[in-house]
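Down below is the structure, laid out as structure tokens.
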Amino acid sequence: MNTIIEKISGDINSDQPVLQKAAQIICDGGLVAFPTETVYGLGGDAFDAQAAGRIYAAKGRPSDNPLIVHIAHTGDLDTLSDNVPDMAYRLADIFWPGPLTMIIPKNSKVPSTVTGGLDTVAVRLPSHPAARRLIELSGTYIAAPSANLSGRPSPTKASHVIEDLFERIDMIIDGGDIEIGLESTIVDLTGDVPVILRPGFVTQEALKKAVGNVLLDPALMTGVSGDVRPKAPGMKYRHYAPRAELIVIEGRPSAVSERLRSMAAEAVLQGRKVGVMVSEELSHGFDNAEVICLGRRNNEEEIAKHLFDALRQFDEMQVDIIFAEAFSQEGIGQAVMNRMLKAAGHRIIKV
Ligand code: TXA
Ligand code: MG
């Protein structure tokens with residue numbers, strides 16, 4: 001398949017012709033990768049069951065893993081659901097447009113291929129201007145997972161999308177580097193108390209402040225074990241996985257630094273190609289290792305933004321093993337560590 005690649009500048013008026021072309025492709029049943037504030041999405045018409053099938057095929061994604069429906073106005077909630085929880089409007093008032101996805105009961109207009117057969121639907125109103133304009137111009141809603149091949153880290157640069165999906169989809173809109181770099185927070189509103197199914201830029205603290213009690217899906221930080229199953233089907237897959245083995249070291253910075261250095265040195269001696277993923281503070285003094293610095297330790301936003309790109313760079317460098325520094329789980333640190341531990345298959349060493 002021929003994939004059109006078009007750059008946009010960020011000025012919504014001069015970008016209009018590109019977005020118009022993309023909207024037309026979506027109306028015709030095609031697939032377009034587009035920037036959002038969280039990660040790049042792979043969009044198709046949310047009311048076209050066949051488009052959903054094409055999305056699963058392009059990503060190589062299991063079709064029991066539902067897609068997020070992207071809307072342009074809060075009122076669109078009522079088109080997708082006949083009983084929108086009050087809480088959804090309250091959260092929308094505060095956090096939309098933005099990196100929050102809400103799970104609500106779906107109605108019969110939403111194809112079951114989009115929701116992986118579930119009777120609920122995930123809905124998000126993105127804040128990225130090009131994403132919103134694309135939804136408006138298409139005159140429909142856009143079902144969009146992250147625009148990566150299944151199992152690879154979510155794309156935070158257009159080059160990541162090209163790497164994974166070139167010649168598998170109709171169009172890629174290059175909107176440059178993504179602002180946040182981690183996927184949206186997912187909150188399930190179908191029970192009495194909201195439950196976070198995937199942590200993200202909108203933190204548990206912020207949600208609690210807005211609506212009172214908010215729980216975390218117990219499967220989140222431990223990984224899938226025994227009868228603890230994550231409620232978001234996608235969270236059970238080993239996602240964000242670099243090709244190399246990834247080991248996370250947690251503890252006081254001085255102890256982590258020492259252990260990282262000794263483990264890296266030992267692996268180098270064994271003749272392995274070693275990657276190290278650390279804060280700026282711990283990034284010095286490694287010999288013969290590929291060191292990627294994610295940002296300053298107390299700057300969670302910077303770390304969040306660079307994590308997925310770093311995992312892809314290690315793949316490109318074909319390292320055999322990666323040692324990573326664990327970060328604080330405060331605030332968006334919760335989302336950062338959720339992704340890092342998933343990438344590591346929950347291999348963590350406490351020092
Ligand atoms: O930031 C984001 O959310 C990005 C951008 C493109 O908006 N999208 C994204 O989509 O990350 P995706 O498909 O990669 O992740 C969606 C997650 C999956 O884990 C899926 O299982 C879960 O949302 N999900 C979707 N619908 C659900 C539902 N009805 N109930 C529970 N989980 C659901
Ligand atoms: Mg994804």
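Since the model is a prediction, treat every value here as computed from it, not as a measurement. Heavy atoms only: backbone and side chains are in, while hydrogens, waters and symmetry mates are out. Whatever order the structure lists ligands and atoms in, that order sets their numbers, starting from 1.
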Ligand-residue contact atoms, ligand 1 with Glu183, heavy atoms, under 4.0 Å = 1 (O), 2 (C), 11 (O)
Compute the shortest N/O to N/O distance between Arg61 and ligand 1 and return yes if it is under 3.5 Å, no if not.
-> yes
For Asn107 and Asp82, does a side-chain donor sit closer than 3.5 Å to a side-chain acceptor?
-> yes
Check: Asn65 N/O within less than 3.5 Å of ligand 1 N/O = yes
Please answer whether the main-chain N or O of Leu125 pairs with a side-chain N or O of His70 as donor and acceptor at a distance below 3.5 Å.
-> no
Examine ligand 1 and decide if any of its atoms is less than 4.0 Å from a heavy atom belonging to Leu118.
-> yes
Counting backbone and side chain alike, does Ser146 bring an N/O/S atom below 2.8 Å of the Mg ion (ligand 2)?
-> yes
Check the side chains of Asp78 and Tyr89 for a donor-acceptor pair under 3.5 angstrom, ignoring hydrogens and angles.
-> yes
Using a distance-only test with no angle check, is there a side-chain donor-acceptor pair under 3.5 angstrom linking His160 and Asp309?
-> yes
Location of contacts on Asp188 toward ligand 1, heavy atoms closer than 4.0 Å | neither
Can we call the ring centroids of Phe47 and Tyr141 under 6.0 Å apart?
-> yes
Please verify whether a non-hydrogen atom of Lys106 lies at under 4.0 Å from ligand 1.
-> no
Taking the side chain as C-beta and beyond, is there a heavy-atom pair between Arg124 and Thr38 under 4.5 Å?
-> yes
Quick one: does Arg124 get an N or O within less than 3.5 Å of an N or O on ligand 1?
-> yes
Would you say ligand 1 has an N or O under 3.5 Å from any N or O of Thr38?
-> yes
For Glu183 and Ser154, does a side-chain donor sit closer than 3.5 Å to a side-chain acceptor?
-> yes
So, is Lys59 polar-close to ligand 1, with some N/O to N/O distance under 3.5 Å?
-> no
